Number of protein chains: 2
Amino acid sequence: MENEKGNISTTEQQILEAAKSVFLEKGMDGARMQEIADRAGINKALLHYYFRTKDKLFITIFRNLISNLFEQINLQLQNNDDIFDFVEKFVTNYIAMLEHNVYLPNFIMNEMNRNHENIVQIFESERVIQNVPKLEKIIKKSVEAGEIIPITAENLITDMIGLCVFPVVGKPVILNFLFRGDIAAHKKFMEGRKEHVINLIKNSLTPGKQIK
Amino acid sequence: MENEKGNISTTEQQILEAAKSVFLEKGMDGARMQEIADRAGINKALLHYYFRTKDKLFITIFRNLISNLFEQINLQLQNNDDIFDFVEKFVTNYIAMLEHNVYLPNFIMNEMNRNHENIVQIFESERVIQNVPKLEKIIKKSVEAGEIIPITAENLITDMIGLCVFPVVGKPVILNFLFRGDIAAHKKFMEGRKEHVINLIKNSLTPGKQIK
DNA sequence: GTCTATAGGAAGATAGAC
DNA sequence: GTCTATCTTCCTATAGAC
């Protein structure tokens, strides 16, 4: 049996992939060891042989997902000097990532809101958005150049992520309650979001307006 | 025993309140009938006497929460003619509501993402953001008056809600990974969000700028 | 490492007395 | 309506053979 890298996939890898998919879809509380074993093509006993408990398996998956996510975010936060260029790239890449990981944001936010004792451990070791100072420098430079109005890095990051993530996490809400189940209309809406968000952020940062 | 309205609270009311708090905190999968019974001050048997199954109890709670939420949102969407005034009021009221219901958005979005068969029923009957057309009229009028640049009502609603909701749903993520657990800094950040979001939206809508 | 079988317990739901 | 006691099912986890 081969995985996407062309390597022979070990049982452990199969378990990790199965567990990831089940946890992402069902959450910690809704996930069943039986289903993970099934998707991995093994039985429950073997599953417990590799990862003694459900908790340990969960924490492994959760750590991996968090690490990957923040690695990508940190990458986006460096290597930029033009703020408008940065916004465009960040939003573009973040939305692209979300399209390939639709379950991810709901999973992470939900599990972190239900504070399973498990998750607390993670905070100790991996507090991982390190590149905020780099963004602060870009902002400072752009403000001094008169290109944008002042904004904190934390607000800018929160704005961009919130505008991108909410339509994904809230998809069922938006589709059913805002578009009344009209899938075509919702699809069109989602296709236009990227451009909309980029323009929204850029517009909001552009100086030289008197509000009210 | 009295509830906040000063009425004698019946057993049923106590159950509903207990169930609401447990479901909001733990979610459908994490909630336990035993805990609901405990918080209601009764036992499991009586709980099942009132609501035969956990599913029925859940759907009752979920319906109520959804109805209340969208009732409020619909209220905000009517009775406004100035678009800037509308944005300010909507964001202000929405954030105030969130402060009193911190568990609500994560609960609703998470439960709707895990499509329990239960929830499907709700879509049939209550597709509830009816006042979109009213917002569209305000937007149209404001665009024609040259007060704002064009935007769809759906995008404006999604923007406002996303910018307000994400810091609440993603609080643990933001606090731990963006503010590195610094509660004071995070608190300050949250206190400034309302003004930030209002200005952000207003700025983004203001015309008379050439982007790039 | 991998399996079958089963222990052990938690949780939803019911029976039946009061 | 409300309780105690119990049933039944499901699920995590382990024992032990191969």
Side-chain angles (χ1 to χ4, degrees), chain A residues 1-3 7-63 107 110-111 114-119 121, chain B residues 1-3 7-63 107 110-111 114-119 121:
Chain A
M1 200 176 253
E2 302 194 3
N3 64 17
N7 302 322
I8 305 303
S9 73
T10 67
T11 300
E12 187 170 347
Q13 286 174 320
Q14 288 171 247
I15 291 175
L16 287 173
E17 279 176 39
K20 184 168 87 174
S21 71
V22 174
F23 279 131
L24 279 170
E25 286 174 32
K26 309 288 177 71
M28 169 65 182
D29 292 332
R32 294 293 167 254
M33 294 298 267
Q34 183 64 62
E35 187 170 4
I36 295 174
D38 289 346
R39 290 200 198 179
I42 58 170
N43 60 28
K44 279 190 295 178
L46 193 54
L47 184 54
H48 279 91
Y49 171 80
Y50 277 90
F51 299 86
R52 292 186 52 78
T53 66
K54 186 183 179 184
D55 274 12
K56 285 188 202 302
L57 180 54
F58 175 81
I59 202 78
T60 303
I61 300 296
F62 192 83
R63 283 198 122 89
F107 173 74
N110 183 53
E111 299 301 335
R114 329 235 172 271
N115 34 279
H116 300 285
E117 310 76 31
N118 302 323
I119 293 183
Q121 313 166 16
Chain B
M1 197 176 256
E2 301 196 4
N3 63 17
N7 300 322
I8 304 301
S9 71
T10 68
T11 300
E12 187 169 347
Q13 285 174 319
Q14 289 171 247
I15 292 175
L16 287 173
E17 278 176 39
K20 184 167 87 173
S21 71
V22 173
F23 279 131
L24 279 171
E25 287 174 33
K26 308 288 176 71
M28 169 65 182
D29 292 332
R32 296 289 166 257
M33 294 297 268
Q34 183 64 61
E35 187 169 3
I36 294 173
D38 290 347
R39 291 200 198 179
I42 57 169
N43 60 27
K44 277 192 297 178
L46 193 54
L47 185 53
H48 278 91
Y49 172 80
Y50 277 90
F51 299 86
R52 292 186 52 75
T53 66
K54 187 183 178 183
D55 273 12
K56 286 188 201 304
L57 180 53
F58 175 81
I59 202 77
T60 303
I61 300 297
F62 192 83
R63 283 198 123 90
F107 173 74
N110 183 53
E111 299 302 335
R114 328 233 171 274
N115 33 279
H116 301 285
E117 309 77 30
N118 302 323
I119 293 184
Q121 313 168 15

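What you see is a predicted model; the values in this text were computed from it and never measured. Here is how names work: the chains are called A, B, and so on, in the same order as the sequence lines, proteins then strands, and each is numbered from 1.
- For the pair A:Y49 OH and D:dA15 C1', the interatomic distance rounds to 15 Å; values are reported in whole Å.
- As judged by a 4.0 angstrom heavy-atom cut-off over every strand, B:Y50 is placed among residues touching the sugar-phosphate backbone only.
- The phosphate of C:dT2 (OP1 or OP2) has a side-chain N or O of A:T11 nearer than 4.0 angstrom.
- Of the possible polar contacts, none joining the A:E12 side chain to the A:Y50 backbone as a donor-acceptor pair under 3.5 Å is found.
- Counting non-hydrogen atoms under 4.0 angstrom, A:A31 reaches the backbone sugars and phosphates but no base.
- Within the structure, the ring pair (Phe, Tyr, Trp, His ring centres under 6.0 Å) test picks out no pair touching residues 26-45 of chain A (sequence neighbours left out).
- B:D38 places its CG atom 16 Å from the P atom of D:dT2, with the value rounded to the nearest Å.
- By the 30° and 60° cut-offs, the orientation of the rings of A:F62 relative to A:F107 is tilted.
- Residue A:N43 places at least one side-chain N or O under 4.0 Å from the OP1 or OP2 atom of C:dT4.
- Phosphate proximity of D:dA13 to A:H48: present, with a side-chain N or O under 4.0 Å from OP1 or OP2.
- Nearest nucleotide to the B:A45 side chain, out of C:dT2, D:dA5, C:dG12: D:dA5.
- Distance, A:M28 CE to D:dT12 C1': 10 Å, rounded to whole Å.
- In this structure, B:M33 places its CE atom 6 Å from P of C:dA13, rounding to the nearest Å.
- A:F51 has its CZ atom 16 Å from the P atom of D:dT12, to the nearest Å.
- Between B:R52 and the phosphate of C:dG12, there is no side-chain N or O to OP1/OP2 separation shorter than 4.0 Å.
- Across the protein-nucleic acid pair, A:Q34 atom CD and D:dT14 atom C1' stand 15 Å apart, rounded to whole Å.
- At D:dT12, one or more side-chain N or O atoms of A:R32 fall inside 4.0 Å of OP1 or OP2 (strictly under the cut-off).
- A:H48 is listed as a side-chain neighbour of A:M33, based on a closest heavy-atom distance under 4.5 Å.
- Atom NZ of residue A:K54 and atom CG of residue A:D29 lie 6.5 Å apart, to the nearest 0.5 angstrom.
- The interatomic distance linking B:K26 (NZ) with C:dA11 (P) rounds to 10 Å, in whole Å.
- Here the C1' atom of nucleotide D:dG1 and the NZ atom of B:K44 are 19 Å apart, to the nearest Å.
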